[in-house]
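Here's the structure, in structure tokens; my notes come after.
Below, read A as the first sequence line, B as the second, and so on, with proteins coming before strands; counting in each chain starts at 1.
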Amino acid sequence: MAQSRSYAKPVPEPSPETRFFWEKCRQHELWLPYCPRCQRFFWYPRDFCPRCFAWDVEWRRASGRGRVYTFAIHYRAFHPAWEAEVPYVTAIVELEEGVRLYTALVEVEPEPGKVRCDMPVEVVFEDVDERTSLPKFRPLPEDAHA
Amino acid sequence: MPEAMHEERIHPLEKLDIREKRELLRKVAIVGVDESDEIGIVPHKSALQMHAEAARNALADAGIDKSEVDALLTCSAGVMSTVQLAEYLGIIPTYTDTTMTGGSSFAIQLEHAALAIAAGVCKVAVITHGQRGHSDRGRGRPAFDPWAPAAQFEAPYYMGGAAGQYALACMRHMHEYGTTHEQLAEIAVATRKWAMLNPKAMMREPLTIEDVLSSRWVVYPFHLYDCCLVTDAGGAVVLTSAERARDCRKPPVWVLGAATSHTHLTLTGMPDLTQTPARYSGPRAMAMAGIRHEDIDVVEVYDSFTYTVLVTLEELGFCGKGEGGPFVSGQRTAPGGDFPLNTNGGGLSYTHPGMYGIFPIIEAVRQLRGECGQRQVPGAKLALVNATGGTLSATGTLVLGAD
């Protein structure tokens, strides 16, 4: 999914707390912050657990599978970089690890009825420039979570 | 996980002594409200001009001179909003508050102003707003910290207005509770009927459910008429002590309950997409006022989208969770219905310059004073206002009453 240099959408600028996440994305791996005390994943990356405020949190690799928690089909681009793409689909995906990522869906028909809440999806990485890969999600067969 | 985290955050707030706060609020009255001279499409006025006009008009409504104003509250006049506005208006305040919670800012500022007056910190507080939501389109966005969570985890996928964010929340509500496009359209149509009775409303042509359902998709699940207007407008509210209020031009409107909550900024951090913080600010404000839902005569709820209204009515407890759709059906919230709602025509049909939260306060005060002409709710004595800011992020709930 390599992109040309003319990629015009905002590219994430990794911060000290998120650099590891974005580096792993570049390797096409999805890693999430995890709190050993709560035994839970959390999102987004922080140096501490926003639930128990423990600071000894760690990174764990995620399965990359989840379900569409919700979605929206955009018929109008509010930013010029998306103009060529409408209609396109944004979504919040609930991962098997229990956290929800704001993302976009690919390889779907952007039509009401064709995209559904709870449809199973898996991560796919889009290389947008030399150092950045964005996690997006594409549909999985319905029985993928059996 | 998010829900559990959320409970832990909210419990300390629930321990507030609402009786003590109720006694404080009784020492304060709203005595002046008004819009700027023009609202709608006003390219020939700056935002500051609209602040100033609204302040002058609301002070005239109260019968209070500018020289008495010792507290300024606003968030829409730049980074140091009250500092800018005080300089512009020629006021040296003793109390200043630039609380910025998006569209709910002004309702939350009203709570702060009331408590400051009750505590004797200031005597006359003016809350103002002025915004060129329509005429400033394309004039550029404020700088954004590239390390902010939203910049890293949302902007790469979506850059745009609130519609794309609220659509995600609405879609989940439709999925979980079976809320329909027709039910959302009921709100747009009922609100338009109120606007047709308000000479200041921008959209006054009749609108039908069929019109809403056949309008284009802006962002699914929102049709065009599910979305608020984008206008230019200013508004202001004046508060003072109960004592000073006796000498004002109009009868006082009392602040019976006032409460604030926020649960997240980004959708990424939103604990539950089908909820809003009105579930916390609403019950606290009503408990403070000592009222039940059935006591309320008129409800003014921030309507950035039809969905905002539907979910807020649920969160405030006017109906059960997930029952917002059936609740608004049958034009129940329209003129003549048994649940008068957004009687000015709302952000959907009256005005919405970007942050709307001062306008439902203005309308509630006018209803309680009996000033609303054709759209007057007969004998309205008790009003509830709920303003929402951000992406269903921050709410201020007010219970206002007339003698």
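For the set B:Met174, B:Gln152, B:Met171, B:Gln165, the entry with the most heavy-atom pairs within less than 4.5 Å of chain A is B:Gln152. Across A:Val68, A:Leu101, A:Asp118, the residue that shares the most heavy-atom pairs under 4.5 angstrom with chain B is A:Asp118. The residue among A:Thr70, A:Val11, A:Val86 with the most heavy atom pairs within less than 4.5 Å of chain B is A:Thr70. Of the listed residues A:His74, A:Lys9, A:Arg76, A:His79, the one with more heavy-atom pairs under 4.5 angstrom with chain B than any other is A:His74.
Two rings, from A:Tyr102 and B:Phe153, have their centers 6.0 Å or more apart.
Contacts of A:Pro110 with chain B are absent, with no heavy-atom separation under 4.5 Å from either backbone or side chain. Residue contact with chain B, scored on non-hydrogen atoms closer than 4.5 Å, is absent for A:Ala77.
A cation-pi arrangement, defined by a distance under 6.0 Å to the six-membered ring centre and an angle within 45 degrees of its axis, is present between A:Arg46 and A:Tyr44.
More than 12 heavy atoms of other residues, nucleotides or ligands shown are found within 6.0 angstrom of CD on A:Gln27.
Looking at B:Thr351, its side chain never comes within 3.5 Å of a backbone N or O of B:Ala233 through a donor-acceptor pair.
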(message) Could you go through B:His181 and B:Asp226, starting from their C-alpha distance and side-chain angles, then the distance that decides it, and tell me whether this counts as side-chain hydrogen bond (donor to acceptor under 3.5 Å, both in side chains)?
(response) CA-CA 9 Å; B:His181 296 289; B:Asp226 287 308; 5.3 Å; no

